[in-house]
There are 2 protein chains.
Amino acid sequence: MNTTTMQITLQTIAEPNRFNIVELLKKGPRSVNEIVMALNIGQPQVSRHLRILSETGIVRSRTKGQMRIYSLEAQPFQDLDAWFDSFSVLWEERLDNFEDYMIDILRKEDK
Amino acid sequence: MNTTTMQITLQTIAEPNRFNIVELLKKGPRSVNEIVMALNIGQPQVSRHLRILSETGIVRSRTKGQMRIYSLEAQPFQDLDAWFDSFSVLWEERLDNFEDYMIDILRKEDK
DNA sequence: CCTTAATATACACTTAAACATATATACGTG
DNA sequence: CACGTATATATGTTTAAGTGTATATTAAGG
């Protein structure tokens with residue numbers, strides 16, 4: 001759950017096509033061909049994106065005959081889920097952060 | 001909460017320096033100079049990243065004299081938090097997705 | 001084995017985006 | 001209004017990453 005790993009995960013799934021692959025795989029495992037047909041890019045591109053997703057541990061693949069079935073791994077999403085949870089202070093806190101900041105600035109100016 | 005907007009938010013905060021800015025601002029509002037000193041990049045770069053963060057609605061700025069104080073907006077993070085919550089099926093579900101998929105495949109082969 | 005289907009890799013090309021540097025703007029203060 | 005501080009913008013350059021096309025690999029079936 002270190003931030004470097006999370007940052008890499010973030011960068012990886014931020015790419016539009018990989019984002020779409022992730023959204024598709026959320027519904028369940030899919031073969032490469034199924035992914036190709038769902039997206040609007042070529043097969044080599046899909047394979048390449050799957051490799052990147054695989055190398056960062058976001059997906060895994062299992063072999064079923066001549067097909068490879070890709071599915072999402074839980075861990076990276078669990079980490080990101082936890083990270084985004086930590087931002088809940090933004091909408092849960094009553095007091096205005098900006099005011100806090102101003103008070104702090106003024107205090108420093110005083111001395 | 002449409003996925004296109006979220007995708008843009010994702011892409012925006014995935015960039016390493018902007019990721020760092022976001023992590024810093026999570027602690028509270030900061031002036032541009034404070035951000036420059038916290039990060040290891042030049043002032044023009046910080047201003048540029050802040051502009052991008054601003055244009056995508058991730059931060060807002062308020063003017064305090066000659067300084068501009070940047071702070072995080074809640075909405076984009078709320079959206080992403082909700083999105084990542086939706087992945088909890090990955091670690092909450094008992095049954096193995098792969099097995100499901102296989103059963104489905106076999107069913108199709110039957111007919 | 002030979003062929004086909006499914007998937008992966010190699011490579012040249014293009015482009016988006018970050019960076020460094022220089023310069024502009026805006027505001028406060030004497 | 002002149003000067004310093006804080007921040008923003010403009011521009012040329014570099015580089016990372018996606019794309020398209022061609023080709024390689026792997027497995028199944030006759």
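From a predicted model like this one, the values you see are computed outputs, not experimental measurements. Note on naming: letters A, B, ... go to the chains in the order of the sequence lines (proteins, then strands), and numbering restarts at 1 for each one. Side chains are part of it too, since the values below use all heavy atoms of this structure and drop only hydrogens, waters and symmetry mates.
Between the CG atom of A/L50 and the P atom of C/dA6 there is a distance of 16 Å, rounded to whole Å. Here C/dA5 presents its P atom at 14 Å from CE of A/M37, a figure rounded to the nearest Å. Spacing between atom CD of B/E55 and atom C1' of D/dT9 amounts to 12 Å, rounded to whole angstrom units. Rounded to whole Å, the distance from CD on A/E34 to C1' on C/dA5 is 15 Å. Atom C1' of nucleotide D/dA27 and atom CD1 of A/I69 are separated by 14 Å, given to the nearest angstrom. Separating the CG atom of B/N33 from the C1' atom of D/dA8 is a distance of 13 Å, rounded to the nearest angstrom.
Remark: A/S61 pairs with no residue by the side chain to side chain donor-acceptor pair (under 3.5 Å) rule, at least two apart or across chains. In this structure, A/T56 has no side chain to side chain donor-acceptor pair (under 3.5 Å) partners at least two apart in sequence or on a different chain.
For the residue pair A/P76 and A/I58, the shortest heavy atom distance occurs at CG-CA, 4.1 Å.
Hydrophobic clustering, with ILVMFWY side chains joined whenever heavy atoms are under 4.5 angstrom apart, keeps A/V22 apart from A/M37. When the side chains of ILVMFWY residues are joined at heavy-atom separations under 4.5 Å, either directly or via intervening members, A/I35 and A/I41 end up in a single hydrophobic cluster. Linking Ile, Leu, Val, Met, Phe, Trp and Tyr whenever their side-chain heavy atoms come within less than 4.5 Å leaves B/I52 and B/L72 in two separate clusters. Residues B/I13 and A/I8 do not share a hydrophobic cluster, defined by chaining ILVMFWY side chains whose heavy atoms lie under 4.5 Å apart.
Proximity of A/Y70 to the phosphate of C/dA8: a side-chain N or O atom is located under 4.0 Å from OP1 or OP2. Contact between the side-chain N/O atoms of A/R51 and the OP1/OP2 oxygens of C/dT9 is found at a separation under 4.0 Å.
With hydrogens and angles disregarded, a donor-acceptor distance shorter than 3.5 Å links the side chain of B/R18 to the backbone of B/T12.
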Going 5' to 3' through nucleotides 11-22 of chain C and flagging B where a protein heavy-atom sits under 4.0 Å of the base, S where only the sugar-phosphate is that close, and - otherwise, we get -------SSBBB
For nucleotides 24-30 of chain C, 5' to 3', base contacts (B), sugar-phosphate-only contacts (S) and non-contacts (-) with protein non-hydrogen atoms under 4.0 Å give ---BS--
In a table with atom names and distances, give each donor-acceptor pair under 3.5 Å that connects a side chain of residues 83-90 of chain A to protein atoms at least two apart or in another chain.
unit_1, atom_1, unit_2, atom_2, d
A/W83, NE1, B/E23, OE2, 2.9
A/S86, OG, A/W83, O, 2.5
A/S86, OG, B/K26, NZ, 2.7
A/S88, OG, A/D85, O, 2.8

Distances under 3.5 Å between nitrogen or oxygen atoms of protein and nucleotides 1-3 of chain D:
none

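In this structure, B/V32 and B/M67 have side chains that are not in contact, with every pair of non-hydrogen atoms separated by 4.5 Å or more.
Crowding of A/N40 atom CG: a count of heavy atoms from other residues, nucleotides or ligands under 6.0 Å not exceeding 12.
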